[in-house]
Amino acid sequence: MSEGTFQAPVGTHDVLGPESRQWEGVIATFAQWAYRYSFSLVISPLFEDVGVFHRGIGEASDVAKKEMYVFEDRGGRRLALRPEGTASVVRAFVQHHPTTPWRAWYVTPAFRYERPQAGRYRQHHQLGVEVLGSDDPAIDVEVIALAERFYRAIGLRRFRLHVNSMGHAECRSAYVEVLKSYLARHVDELCDEHQKVWLANPLRVLDCKKAACVTVTVAGPQLPDYLCDACRDHFIAVQRGLTAIGIDFQLAPRLVRGFDYYTRTTFEFASDALDAAQNALGGGGRYDQLAEQLGGEPASGIGFGSGIERLLLARHAEGVDEALLKRSVDVFVVDTTGDDVATPLVDELRLRGFAVSRSYDQRSMKAQMKLADRSGARLALLVGPQERDRGEVTIRDLRSADFEQTQASVARDAVIDAVTQRLLK
RNA sequence: GUGGGCGUAGCUCAGUUGGUUAGAGCGCCAGGUUGUGGUCCUGGAGGCCGCGGGUUCGACCCCCGUCGCUCACCCCA
């Protein structure tokens with residue numbers, strides 16, 4: 001780029017109209033579904049003490065180790081931009097002690113320092129929910145259901161739900177021991193990378209997509225077989241609940257998610273319309289230790305998060321009709337009087353609830369009509385010297401071919417009624 | 001962090017073996033209509049060919065560097 005101009009930093013992007021219309025649609029739809037499920041909006045800071053994320057998502061995770069935006073402020077505080085939504089929300093829960101079960105939804109940017117790629121950014125945007133203070137499996141079912149209903153509401157169809165249970169700390173560590181000794185016997189069959197690092201985090205091997213690792217882990221011990229009675233009952237209850245409300249799912253015994261805080265239920269929605277590298281629409285799970293890790297009283301929690309850019313990619317890949325989301329107004333006011341009669345007319349229409357656009361800079365009638373057409377307006381209101389002198393406004397239906405029949409003049413005082421009538425037809 | 005591809009008008013892209021005034025389509029503006037859009041016709045505006053250096057009589061084109069975009073690995077949203 002030439003000197004003296006700026007552009008958005010690497011891995012970030014501006015979203016302008018008309019594309020931003022889709023963002024409005026996705027976020028509004030999510031807000032509506034969150035409302036139906038009785039969630040309330042939580043807004044928390046974009047940056048936190050770095051410890052919130054270190055303790056929250058686990059020191060060992062890639063995100064905490066090398067992807068966080070960490071900085072020191074003028075007061076010497078060590079802060080980090082949020083790399084994901086959950087840890088901040090749980091920190092807010094611990095700080096304010098709201099009555100439980102606490103149900104919160106959010107929409108937020110998230111920051112990760114990594115090389116950008118298709119559907120992957122340094123600043124991306126997530127929306128999601130969290131429920132804290134109850135381990136009732138009915139809540140697991142609701143959180144998963146909300147995600148599923150929401151995806152359908154924005155037009156997605158080609159996705160699958162994978163569900164697993166990681167157990168609580170004790171049954172999981174028992175399983176990890178079994179897994180370790182199993183892997184120890186099959187080290188040389190793993191992929192190159194995991195031959196070296198399997199011991200540090202054996203669960204990650206389950207997540208490996210390489211054929212070698214898949215072959216080994218499929219044949220090995222499966223996490224759900226090692227659950228304690230309580231965790232198994234919980235997992236069965238979640239499955240029953242999903243079935244009861246008609247949500248299809250597949251058991252995925254090797255599904256382990258990236259952050260260390262997950263316990264018991266974990267789930268992921270995978271798009272069949274996207275390449276495997278970025279097919280995760282969203283996911284989440286239960287985190288029954290996280291509140292404690294952040295210094296609060298023990299409180300179980302569960303949530304899910306979804307990347308907005310990912311959802312839009314998937315929607316595009318599925319060919320969801322984006323034309324429906326094209327921005328358009330109800331009325332376009334054309335004023336050729338030179339006296340600016342448009343300003344009060346437009347104001348009056350807007351006060352009555354219509355979406356209204358107009359032109360500026362004294363353009364010709366022809367130019368103004370072109371703008372009216374492109375605005376997508378249903379009606380054009382024309383005021384020229386003639387209408388002004390007679391105290392009238394000409395109403396024209398821009399969507400009808402034969403304007404001779406539909407174009408008519410009405411008294412200025414009767415404009416609102418006439419517009420209302422035409423738009424209701 | 002590692003590797004591949006690509007940077008020419010607001011957008012999508014052409015640009016001959018290196019040759020003098022850099023093109024198209026779309027979009028934008030104006031006119032064809034003395035007050036009427038969507039089609040059509042005509043005209044116009046808009047480019048330090050990402051940036052810096054080098055080779056050459058001459059560089060959008062070749063070489064080096066740099067920045068940016070993009071794709072893949074890793075990991076994830």
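The analysis underlying the following values was restricted to heavy atoms, covering all of them including side chains, and did not include hydrogens, waters or symmetry mates. Letters go in sequence order (proteins before strands), and every chain restarts at 1.
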Inset, instruction - Check whether the side chains of A/Thr420 and A/Arg352 place a donor and an acceptor atom closer than 3.5 Å, and report yes or no. - result: no
Inset, instruction - Would you indicate what A/Ala372 reaches in the nucleic acid, counting non-hydrogen atoms under 4.0 angstrom: base, sugar-phosphate, or nothing? - result: nothing
Inset, instruction - Would you indicate what A/Val334 reaches in the nucleic acid, counting non-hydrogen atoms under 4.0 angstrom: base, sugar-phosphate, or nothing? - result: nothing
Inset, instruction - Report the nucleotide, chosen from B/rG35, B/rA77, B/rC75, that has the shortest atom-to-atom distance to any side-chain atom of A/Glu387. - result: B/rG35
Legend entry - A/Met369 side-chain proximity, nearest of B/rA77, B/rG31, B/rG37: B/rG37
Inset, instruction - Determine, for A/Glu148 against A/Arg152, whether the closest basic-nitrogen to carboxylate-oxygen distance falls under 4.0 angstrom. - result: yes
Inset, instruction - Fit a plane to each ring of A/Tyr113 and A/Tyr69, take the angle between them on a 0 to 90° scale, and name the class: parallel (under 30°), tilted (30 to 60°) or perpendicular (over 60°). - result: perpendicular
Legend entry - Out of B/rA77, B/rC74, B/rG31, whichever nucleotide has its closest atom nearest the side chain of A/Gln126: B/rA77
Legend entry - C1' gap between B/rC57 and B/rG43, integer Å: 39 Å
Inset, instruction - Quick one: sort the A/Phe267 and A/Phe269 rings into parallel, tilted or perpendicular, breaks at 30° and 60°. - result: perpendicular
Legend entry - Spacing of A/Gln7 atom CD relative to B/rG68 atom P, expressed in whole Å: 8 Å
Inset, instruction - Please check the phosphate of B/rU70 (OP1 and OP2 only) for any side-chain N or O of A/Gln117 closer than 4.0 Å. - result: no
Legend entry - Distance-only donor-acceptor test (3.5 Å): side chain A/Arg115, base B/rG3: yes
Legend entry - Check: A/Gln368 side chain, B/rG35 base, donor-acceptor under 3.5 Å: no
Legend entry - Short N-O contact, A/Asp135 and A/Arg286, less than 4.0 angstrom: no
Legend entry - Of A/Val10 and A/Gln123, the one whose closest RNA chain B nucleotide lies more 5': A/Val10
Legend entry - Closest to the A/Leu371 side chain, choosing from B/rC75, B/rA77, B/rC29: B/rC29
Inset, instruction - Considering only atom P, compute the distance from B/rC51 to B/rC61 and round it to an integer number of Å. - result: 11 Å
Legend entry - Spacing between A/Asp361 atom CG and B/rC29 atom P, to the nearest angstrom: 11 Å
Legend entry - Atom pair distance, as rounded to whole Å: NE2 in A/His13 and C1' in B/rG68: 16 Å
Legend entry - Between B/rA72 and B/rA59 - C1' atom distance, rounded Å: 33 Å
Inset, instruction - Please work out if A/Glu114 contacts a base, only the sugar-phosphate, or nothing of the nucleic acid, heavy-atom cut-off 4.0 Å. - result: base
Inset, instruction - Could you tell me whether the side chain of A/Arg204 has a donor or acceptor atom within less than 3.5 Å of a complementary atom in the base of B/rC75? - result: no
Inset, instruction - Would you mind reading off the distance between A/Leu16 atom CG and B/rG10 atom P, rounded to a whole angstrom? - result: 15 Å
Inset, instruction - Take atom P in B/rC49 and the same atom in B/rA22, then report the distance between them in whole Å. - result: 10 Å
Legend entry - Side-chain donor-acceptor contact under 3.5 Å, A/Tyr287 with A/Glu130: yes
Legend entry - Stems involving RNA chain B, each a run of at least 3 consecutive Watson-Crick or G-U pairs under 3.5 Å: B:1-7 with B:67-73, B:10-13 with B:23-26, B:28-32 with B:40-44, B:50-54 with B:62-66
Inset, instruction - For A/Gln386 and B/rG35, give me the distance from atom CD to atom C1', rounded to whole Å. - result: 8 Å
Inset, instruction - Let me know the distance between CG of A/Leu382 and P of B/rG35, rounded to the nearest Å. - result: 13 Å
Legend entry - Distance-only donor-acceptor test (3.5 Å): side chain A/Asp373, base B/rG37: yes
Legend entry - Distance between C1' atoms of B/rU66 and B/rC6 (Å, rounded): 16 Å
Legend entry - Flag, side chain of A/Arg310 to backbone of A/Ala280, donor-acceptor distance under 3.5 Å: yes
Inset, instruction - Determine the Euclidean distance between corresponding C1' atoms of B/rC62 and B/rG18; express it in Å to zero decimal places. - result: 8 Å
Inset, instruction - Classify the side chain of A/Glu268 versus the base of B/rA77 as yes if they form a donor-acceptor pair under 3.5 Å and no if they do not. - result: no
Legend entry - SB check A/Asp49 A/Arg55 (cutoff 4.0 Å): no
Legend entry - Check: A/Glu309 side chain, A/His125 main-chain N or O, donor-acceptor pair, under 3.5 Å: yes
Legend entry - Distance, rounded to the nearest Å, where A/Arg363 contributes CZ and B/rG37 contributes P: 14 Å
Legend entry - Distance-only donor-acceptor test, A/Arg120 side-chain atoms vs B/rC75 base atoms, 3.5 Å: yes
Inset, instruction - Taking only the side-chain heavy atoms of A/Leu398 (C-beta and beyond), determine which of B/rC76, B/rG37, B/rG35 contains the nearest atom. - result: B/rG37
Inset, instruction - Report the distance from atom CD of A/Gln407 to atom P of B/rG35, rounded to the nearest whole Å. - result: 14 Å
Legend entry - Of A/Pro385 and A/Pro9, the one whose closest RNA chain B nucleotide lies more 5': A/Pro385
Legend entry - A/Thr337 versus A/Arg388, side-chain donor and acceptor atoms under 3.5 Å: no
Inset, instruction - Can you tell me, in whole Å, how much space there is between the C1' of B/rG68 and that of B/rG44? - result: 33 Å
Inset, instruction - Please work out if A/Lys370 contacts a base, only the sugar-phosphate, or nothing of the nucleic acid, heavy-atom cut-off 4.0 Å. - result: sugar-phosphate
Inset, instruction - Please measure how far the P atom in B/rA9 lies from the corresponding atom in B/rG3, and state the result in whole Å. - result: 30 Å
